[in-house]
Amino acid sequence: MPLYSATLALGSVSQLFITGDAFASSKNHNSCSVSCLFNHINFSKLSHKSLSKKPSSLFAASRVSNTENSGLLHDTSTPTDEDLQEARISADWKVAKAYSDNGLIFEGMIEGYNGGGLLVRFHSLVGFLPFPQLSPSHFCKERGKSLQDIAKGLPGSLISVKVIQVDEEHKKLIFSEKEAVWSKFSEQINVGDIFEARVGSMEDYGAFVHLRFPDGLYHLTGLVHVSEVSWDLVQDVRDILNEGDDVRVKIINIDRVKSRITLSIKQLEEDPLLETLDKVIPQDGSVGSDSLSTDNSSNIEPLPGLEAIFEELVREDGIDDVRINRQGFEKRVVSQDLQLWLSNSPAVNQKFTLLARAGRQVQEIQLTTTLDQEGIKKALQRVLERVP
């Protein structure tokens with residue numbers, strides 16, 4: 001079966017901003033975490049602690065000499081609160097850059113919200129967390145609530161985030177909770193895992209589905225491409241799924257570099273082709289279903305397009321005869337177009353089986369041939385190139 005894949009792009013954010021905090025006393029500032037990062041970025045000579053204790057080399061000390069007195073009088077100026085505030089803000093921008101460059105997770109306090117997202121404290125700075133960068137756990141926990149209603153209850157709480165954009169010149173500091181959550185939970189998932197999940201937003205190309213973890217929360221989101229929703233032909237995913245539906249999904253691909261998960265709903269159901277081979281057309285030759293017809297093959301009308309294919313097949317070297325053996329009807333429509341499928345079983349007594357299907361109708365075709373499976377495949381490819 002062909003495997004379709006799709007990409008999951010994070011929402012982009014524009015015109016976001018960052019504001020500096022009104023200066024707070026250095027003893028309340030998290031100087032430990034900051035000074036540790038200063039060492040990492042070779043900024044160890046400037047720390048909040050050193051700024052609060054005595055003048056730093058950052059601030060020039062003026063020396064005044066009084067020649068009228070017997071000794072020298074030294075008057076060293078001290079930095080103002082404004083100087084300290086500017087130094088702290090500049091230092092915190094460098095800390096934010098270090099967090100971004102190293103992919104570190106920061107736990108900040110949510111201080112407020114606006115129409116586009118949350119305002120999150122980062123030391124002396126306040127950054128922005130756009131709503132599209134929130135973890136799905138918020139939406140799934142409070143079903144039916146709008147983003148604004150969810151945001152109203154978040155100020156005052158802590159949130160784990162990653163810094164995804166640092167632009168000191170334009171005062172932009174952007175966070176993502178999604179990326180922080182990916183770092184925590186992506187190592188717990190593998191291809192083939194099956195999850196209970198909840199349908200989120202839907203697009204023409206598929207549905208975004210949130211995975212529920214053992215703690216009961218929905219931490220990660222994946223994409224179910226429209227081709228992976230059902231074995232039936234699906235034109236619009238909205239015909240099958242609704243936002244908020246609870247579904248079971250299987251992980252079929254993980255892109256750990258791009259933080260993307262590809263999911264399937266249909267692969268948790270039996271492939272209709274296998275159902276056709278094993279049930280609709282039993283391989284042991286028994287007749288156990290009303291949907292199966294074993295009339296004389298001469299009474300079975302070939303599916304549209306098959307006769308021309310038969311005529312070309314018998315012209316291929318190694319193929320002596322082509323005929324319809326029997327036919328049946330599937331429970332669902334997989335494709336309205338004519339499809340040909342090769343049997344996985346090798347030829348027995350120079351007899352090989354093809355399966356033709358269109359709509360619900362299935363016809364078993366028997367080839368008398370001296371070719372092996374690969375030879376039959378190549379012959380069929382040549383025939384399909386000649387048949388319009």
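Nothing fancy with the numbering, it's 1 onward along the sequence.
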*Do E269 and K250 sit within salt-bridge range, that is, some charged N less than 4.0 Å from a carboxylate O?*
no

*State, yes or no, whether a side-chain contact exists between I319 and T368 at a heavy-atom distance under 4.5 Å.*
no

*Of all the heavy-atom pairs spanning Q148 and G115, show the shortest one and how long it is.*
NE2-CA, 3.4 Å

_Contact check, side chains of R323 and I365, non-hydrogen atoms, under 4.5 Å_ = no

_With rounding to the nearest 0.5 angstrom, report the OG to CG distance, S186 to D255._
11.0 Å

*Are R315 and E312 within salt-bridge range, i.e. N to O under 4.0 Å?*
yes

*Please round to the nearest 0.5 Å and tell me the distance separating atom CG of L134 and atom CG of L129.*
5.5 Å

*Min side-chain heavy-atom separation L173-V166 under 4.5 Å*: yes

*Are the aromatic rings of F185 and F213 close, with centres under 6.0 Å apart?*
yes

*Hphob cluster co-occupancy, F175 + I105, side-chain heavy atoms under 4.5 angstrom*: no

*Distance in Å, E228 CD paired with L268 CG, rounded so as to fall on 0.5 Å steps*: 10.0 Å

*asked:* I want to know whether Y113 and F131 have ring centres closer than 6.0 Å.
replied: no

*Do L217 and F139 belong together in a cluster built from hydrophobic side chains that touch within less than 4.5 Å?*
no

*What's the shortest heavy-atom distance between P136 and T221, and which atoms?*
CG-OG1, 3.4 Å

_Side chain proximity check, L241 to V247, heavy atoms < 4.5 angstrom_ = yes

_For F195, the option from I251, V209, L220 that meets side chain to side chain contact (heavy atoms under 4.5 Å, CB included)_ = I251

*Should S176 and V161 count as side-chain neighbours, where that means a heavy-atom distance under 4.5 Å?*
no

*asked:* Starting from L104, can I reach F106 by hopping between I/L/V/M/F/W/Y residues whose side chains sit under 4.5 Å apart?
replied: yes

*Keeping the roles fixed (side chain from D193, backbone from N190), state whether a donor-acceptor pair exists under 3.5 Å.*
yes

*Looking only at atom types and distance, does a side-chain atom of R88 sit under 3.5 Å from a main-chain N or O of S124, one as donor and one as acceptor?*
no

_Short N-O contact, D92 and K94, less than 4.0 angstrom_ = no

*How long is the span from the CG atom in L154 to the CD1 atom in I110, to the nearest 0.5 Å?*
4.5 Å

_Student check: side-chain heavy atoms of Y205 and V226 closer than 4.5 Å_ = no

*Between the side chain of N114 and the main-chain N/O of G117, is any donor-acceptor distance below 3.5 Å?*
yes

*Taking only Lys NZ, Arg NE, NH1 and NH2, and the carboxylate oxygens of Asp or Glu, determine whether R212 and D246 approach each other closer than 4.0 Å.*
no

*So, Y218 versus H138, ring centres under 6.0 angstrom or not?*
no

*asked:* What's the separation between atom NE2 in H219 and atom CD in E177, rounded to the nearest 0.5 Å?
replied: 10.0 Å

*Over all heavy atoms of both residues, which pair between G112 and P155 is shortest? Give the atoms and the distance, please.*
CA-CG, 4.1 Å

_My understanding is that only one of R357, E301, Q363, E364 makes a side chain to side chain donor-acceptor pair (under 3.5 Å) with Q327; could you say which?_
Q363

_If we ignore hydrogens and angles and just use 3.5 Å, is the side chain of S183 paired with the main-chain N or O of E179 as donor and acceptor?_
yes

*Can you tell me if T369 uses its side chain to pair, donor with acceptor, with the backbone of G318 under 3.5 Å?*
yes

_Using 0.5 Å steps for rounding, measure from the CG atom of L380 to the CZ atom of R382._
10.0 Å

_Side-chain donor or acceptor of H225 paired with backbone N/O of S227 under 3.5 Å_ = yes

*Would I150 and M109 show up in the same hydrophobic cluster when neighbours are defined by side-chain heavy atoms closer than 4.5 Å?*
no

*Backbone N or O of A96 within a donor-acceptor pair of the S100 side chain at under 3.5 Å?*
no

*For the residue pair L354 and L367, establish whether any side-chain heavy-atom pair is separated by less than 4.5 Å.*
yes

*Sidechain-backbone polar pair: N102 side chain, A98 backbone, donor-acceptor under 3.5 Å*: yes

_Heavy-atom side-chain proximity of E168 to S90 below 4.5 angstrom_ = yes

*Verify salt bridge (Lys or Arg N to Asp or Glu O under 4.0 Å) between R238 and E243, making sure each step is shown before the conclusion.*
CA-CA 9 Å; R238 300 171 187 85; E243 187 172 346; over 6 Å; no

_With a 4.5 Å cut-off on side-chain heavy-atom distances among I, L, V, M, F, W and Y, is there a chain of contacts connecting I254 to I194?_
no

*Can you tell me if N242 uses its side chain to pair, donor with acceptor, with the backbone of D245 under 3.5 Å?*
no

